[in-house]
Engineer: 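Pasting in a structure now, in structure tokens, and then I'll have a few things to ask.
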2 protein chains.
Amino acid sequence: MVTIKDVAKHAGVSVATVSRALNKNGYVSEKAREKVESSINELNYYPNEVARSLFQKTSKMIGLLLPDISNPYFPLLMKGIEESARENGYSVILGNVEEGSKAGDNYMRLFAQQNVAGVLSAVEGTLSHHHPMPIVMLDRVLEGDDYAVYTNDVKGGILAAQAIIDRKPGKVLIIAGPKSVPGAIDRLLGILSVLNPTDVEYEIFETGSYTIKEAETTAKEIFDLYGKMNSIIASNDLFALAVMKEAQQRGYQIPRDIQVIGYDNIPFSQLVYPGLTTISQPAFQAGYQAADLLVRQIRKDTISNKRIKLDPELVVRDSLRESEE
Amino acid sequence: MVTIKDVAKHAGVSVATVSRALNKNGYVSEKAREKVESSINELNYYPNEVARSLFQKTSKMIGLLLPDISNPYFPLLMKGIEESARENGYSVILGNVEEGSKAGDNYMRLFAQQNVAGVLSAVEGTLSHHHPMPIVMLDRVLEGDDYAVYTNDVKGGILAAQAIIDRKPGKVLIIAGPKSVPGAIDRLLGILSVLNPTDVEYEIFETGSYTIKEAETTAKEIFDLYGKMNSIIASNDLFALAVMKEAQQRGYQIPRDIQVIGYDNIPFSQLVYPGLTTISQPAFQAGYQAADLLVRQIRKDTISNKRIKLDPELVVRDSLRESEE
DNA sequence: CTAGAATGTGTAACCGATTACAGAATAACA
DNA sequence: TGTTATTCTGTAATCGGTTACACATTCTAG
């Protein structure tokens, strides 16, 4: 391994000079700078980030805490995070936490042990209690979270409900996400704020987790439980897809007999037949912005907007009936 | 920040003793060990991994290089990797590389700068040339790769083709992945080894990348190009799903008019209607085993099987016609 | 009872960077 | 020319751990 000492020796200067040339601090003569640069190239030297990190008590790494990597919403989120982080010279340490487990605390300790510069977390109740460090909450955001990136879920709910009542709703079933997930409540609120003033008939079914397995069993269950429904507002695309499949299997035609709207706009929602109409959450954008916000927090830039609220959008495909207007 | 010095002072011993107690090397008296342990608890001390890493010239981190995080095959892979790594006390640094770009080299340098213990890579042509370190290739594996985890793609191709010819194939279209992806060739070989001895009519269409966008345009293209087909063997589930959607949109019934088989068994293939019959690649298993293999390589365990070949399986759902036997 | 092995402990060097500080060289200016 | 300000450079301390080495103590055995 080539160290700064080797470079110094090769260039005939001290390590201090090499370091100054590298980091462009302090005074370095033109002559010295050139010698150092050519030595660096010749020896193919690159500084050891670990040694830097030890001295600086921080590093060029950020920790990422996710509740379940295998959730299809996350890949795009991660891509946004990775891209933004990389552009800012940071790399990402991955932490996957089972929903509800206390592994989050372990990861926070681990991140601290690695001198990470900050943490991005989509896990509720992530505390930097013991190890205070910059942190940005993602997606599952609470009131008290200082820095956060999230989507306007009330609006998302409104958009979804609006799309439904514009299209001969009939009997509506709302599949609501678990109350423990902050966004789920807001969506339901949004939906109800639209439905309640009308005389549309609706029922609410609350689900537990967001896993595929649960989506499948829920899909069967609701048909058994509620019989004839004409419109379904799902808590996310996973559930919407599961419901669509179950409906088709039972011989219903979509959207003629049952119309379905999802939430998230995961990449797959456009690959099913009929294409799923859904509320788009800008996953890539959210990740990108969150990483950017974290980096700015790390750099102690002045930040006017610490809580970034992104707007969801209605993406119309073919799982809803024709609009009435 | 609590350091080993603070613990030493608090326990009334030297830092060397604390270190020995921590790592359970060397001699430490029972009495000293107890004092150290209670000091650690009282002060809530945890060792700084960066300082350790600097001295040891290695760390408890492994680098992960993926060609495209947003590919739906990867989440499960990552979950497997993360889980296995965590069980072995390692954490994962994420690297996303655009297909074909040279960012891979940059990441390898970055990993080296971070003293990672090893690298897991699904990017072709990943070289530890300049910075030799343990490496395990994943998924996209070449002959020369020393340590690798991959699936038996020839067998996968055979399984897919077999499933098709067992079920009134008619005219078959093979959508083959890009020749640059090692596995794609093997799959095609497997498929042809089954089809060629029969008198089944087939055509081959080669695709470029593995993106959703390409899948959609390809789906349209093949219907325009080849007109009536009765069976389609897709290069992966993404393409299979896109084809199914396009077929349904054009009024074909699946599997009656056209039967489709995919590859990968991504979680979504069970959420479409009709359920996609496909060849399952054990993504979680692959990730788990790869991380495990890497850790063993890092530990310099003796390893009997450096190249782990996993077996794909046929997962029967509803996108193929009834078997004839 | 004593030599030698086994056990326990602390001091200090080391890992590879950054930077405070002091001293040397050069520039600016009267 | 002498004085001061500016630029340049090297030595050494530092970050928080690990471990080689030396020394002290205890144990074992003859």
Side-chain angles (χ1 to χ4, degrees), chain A residues 1-37 39-40 43-61 89 109-117 131 133, chain B residues 1-37 39-40 43-61 89 109-117 131 133:
Chain A
M1 181 186 226
V2 184
T3 74
I4 199 171
K5 270 187 198 160
D6 301 320
V7 175
K9 195 172 295 174
H10 188 272
V13 297
S14 75
V15 292
T17 300
V18 176
S19 178
R20 280 188 289 254
L22 266 176
N23 301 296
K24 307 188 194 309
N25 325 357
Y27 296 112
V28 179
S29 68
E30 194 52 38
K31 201 180 292 179
R33 163 165 292 124
E34 277 166 17
K35 279 191 296 184
V36 168
E37 270 164 16
S39 292
I40 286 177
L43 300 177
N44 188 30
Y45 165 78
Y46 45 92
N48 183 316
E49 286 296 331
V50 174
R52 279 188 169 165
S53 171
L54 178 59
F55 187 86
Q56 315 275 22
K57 294 171 186 294
T58 179
S59 72
K60 286 303 209 174
M61 301 194 298
R109 188 159 50 71
L110 198 120
F111 289 158
Q113 291 180 282
Q114 303 282 7
N115 282 7
V116 298
H131 339 281
M133 56 172 78
Chain B
M1 183 184 221
V2 184
T3 74
I4 198 172
K5 270 186 198 162
D6 302 320
V7 176
K9 194 172 296 174
H10 187 274
V13 298
S14 74
V15 293
T17 300
V18 177
S19 178
R20 280 188 288 255
L22 267 175
N23 301 298
K24 310 190 191 306
N25 325 355
Y27 296 114
V28 180
S29 67
E30 195 52 39
K31 201 179 292 178
R33 161 165 291 123
E34 276 166 17
K35 279 191 295 182
V36 168
E37 269 164 17
S39 292
I40 286 177
L43 300 177
N44 189 30
Y45 165 79
Y46 45 94
N48 183 318
E49 285 297 331
V50 175
R52 278 188 170 166
S53 170
L54 179 59
F55 186 88
Q56 313 275 22
K57 294 168 186 295
T58 180
S59 71
K60 286 305 209 175
M61 302 194 298
R109 189 160 48 72
L110 198 123
F111 289 158
Q113 290 180 281
Q114 302 282 8
N115 283 6
V116 299
H131 338 279
M133 55 174 75

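Convention: sequence-line order gives letters A, B, ...; per-chain numbering from 1.
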Engineer: Is the distance from OP1 or OP2 of D:dG16 to the nearest side-chain N or O of B:Thr3 less than 4.0 Å?
Structural biologist: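 Indeed not, no polar side-chain atom of B:Thr3 lies that close.
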Engineer: Identify whether any heavy atom of A:Ser19 sits under 4.0 Å from a base atom; if not, whether one sits that close to sugar-phosphate; answer base, sugar-phosphate or nothing.
Structural biologist: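 Base: the residue A:Ser19, judged by heavy atoms under 4.0 Å, touches a nucleobase.
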Engineer: What is the distance from CG of A:Asn115 to P of D:dC15, rounded to the nearest Å?
Structural biologist: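 For the pair A:Asn115 CG and D:dC15 P, the rounded distance is 13 Å.
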Engineer: Kindly indicate whether the side chain of B:Thr17, heavy atoms from C-beta on, has any atom under 4.5 Å from the side chain of B:Arg20.
Structural biologist: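 Yes - at least one pair of side-chain heavy atoms lies under 4.5 Å apart.
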Engineer: Does B:Asn25 put a side-chain nitrogen or oxygen below 4.0 Å from OP1 or OP2 of D:dT18?
Structural biologist: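 Indeed not, no polar side-chain atom of B:Asn25 lies that close.
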Engineer: Nearest-Å distance, CG (B:Asn48) to P (D:dT14)?
Structural biologist: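 Spelled out: CG on B:Asn48 to P on D:dT14 is 18 Å.
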Engineer: First locate atom CD of A:Gln114, then atom OG of B:Ser53, and finally report the distance between them rounded to the nearest 0.5 Å.
Structural biologist: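 Result: 7.5 Å between the selected atoms.
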Engineer: Examine distances only and state if a side-chain atom of B:Asn48 and a backbone atom of B:Val50 form a donor-acceptor pair shorter than 3.5 Å.
Structural biologist: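 Yes; at least one donor-acceptor contact below 3.5 Å.
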Engineer: Assign each of A:Gly26 and A:Val15 to its nearest nucleotide of DNA chain D by heavy atoms, then name whichever residue's nucleotide is nearer the 5' end.
Structural biologist: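 Taking each residue's closest nucleotide, the earlier one in sequence belongs to A:Gly26.
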Engineer: Map B:Arg33 and B:Ala51 onto DNA chain C by nearest heavy atom, then report which one ends up closer to the 5' terminus.
Structural biologist: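 The residue closer to the strand's 5' end, by nearest nucleotide, is B:Arg33.
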Engineer: If you compare every side-chain N and O of A:Lys57 against the phosphate oxygens of D:dG16 (OP1, OP2), does one of them come in below 4.0 Å?
Structural biologist: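 It does, given that an N or O in the side chain of A:Lys57 lies less than 4.0 Å from OP1 or OP2 of D:dG16.
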Engineer: The test is side chain to side chain contact (heavy atoms under 4.5 Å, CB included); show your working for B:Ile4 and B:Tyr45 and say whether it passes.
Structural biologist: CA-CA 8 Å; B:Ile4 198 172; B:Tyr45 165 79; 3.7 Å; yes
Engineer: When rounded to the nearest 0.5 angstrom, what distance separates CD in B:Glu49 from CE in B:Met61?
Structural biologist: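 One finds 9.0 Å between CD of B:Glu49 and CE of B:Met61.
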Engineer: Hey, where on DNA chain C does chain B first and last touch, going 5' to 3'? Cut-off is any atom under 4.0 Å from a heavy atom.
Structural biologist: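 For DNA chain C, the relevant span reads C:dT7 to C:dG16.
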Engineer: Counting any heavy atom closer than 4.0 Å, what does B:Val50 reach on the DNA or RNA strands: base, sugar-phosphate only, or nothing?
Structural biologist: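 Counting heavy atoms under 4.0 Å across all strands, no contact is made by B:Val50.
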Engineer: Tell me the interatomic distance from B:Tyr27, atom OH, to D:dT19, atom C1', rounded to whole angstroms.
Structural biologist: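 It is 15 Å, rounded to the nearest whole Å.
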Engineer: To the closest 0.5 Å, what do you measure between CG (B:Leu110) and OH (A:Tyr46)?
Structural biologist: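 Those atoms lie 10.5 Å apart.
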Engineer: Calculate the interatomic distance between A:Phe55 atom CZ and D:dC15 atom C1'; express it in whole Å.
Structural biologist: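 Distance check: A:Phe55 CZ to D:dC15 C1' gives 7 Å.
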Engineer: Return the value, rounded to whole Å, for the distance between atom CE of B:Met1 and atom C1' of D:dG17.
Structural biologist: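 So the CE-C1' distance, B:Met1 to D:dG17, works out to 10 Å.
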Engineer: Using OP1 and OP2 only, check whether a side-chain N or O of A:Thr17 sits under 4.0 Å from D:dG10.
Structural biologist: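 For D:dG10, OP1 or OP2 has a side-chain N or O of A:Thr17 closer than 4.0 Å.
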Engineer: For B:Gln56 and D:dT18, what is the distance between atoms CD and C1' respectively, to the nearest whole Å?
Structural biologist: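 After rounding, the gap between these two atoms is 6 Å.
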Engineer: Roughly, in whole Å, what's the span from NZ in B:Lys24 to C1' in D:dT18?
Structural biologist: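 My rounded result for the distance is 16 Å.
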Engineer: Rounding to a whole Å, what distance do you find between B:Leu54:CG and D:dT14:C1'?
Structural biologist: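 So the two atoms are 12 Å apart, to the nearest Å.
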Engineer: Would you say A:Val2 and A:Asn44 make side-chain contact, with heavy atoms under 4.5 Å?
Structural biologist: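 They are not in side-chain contact.
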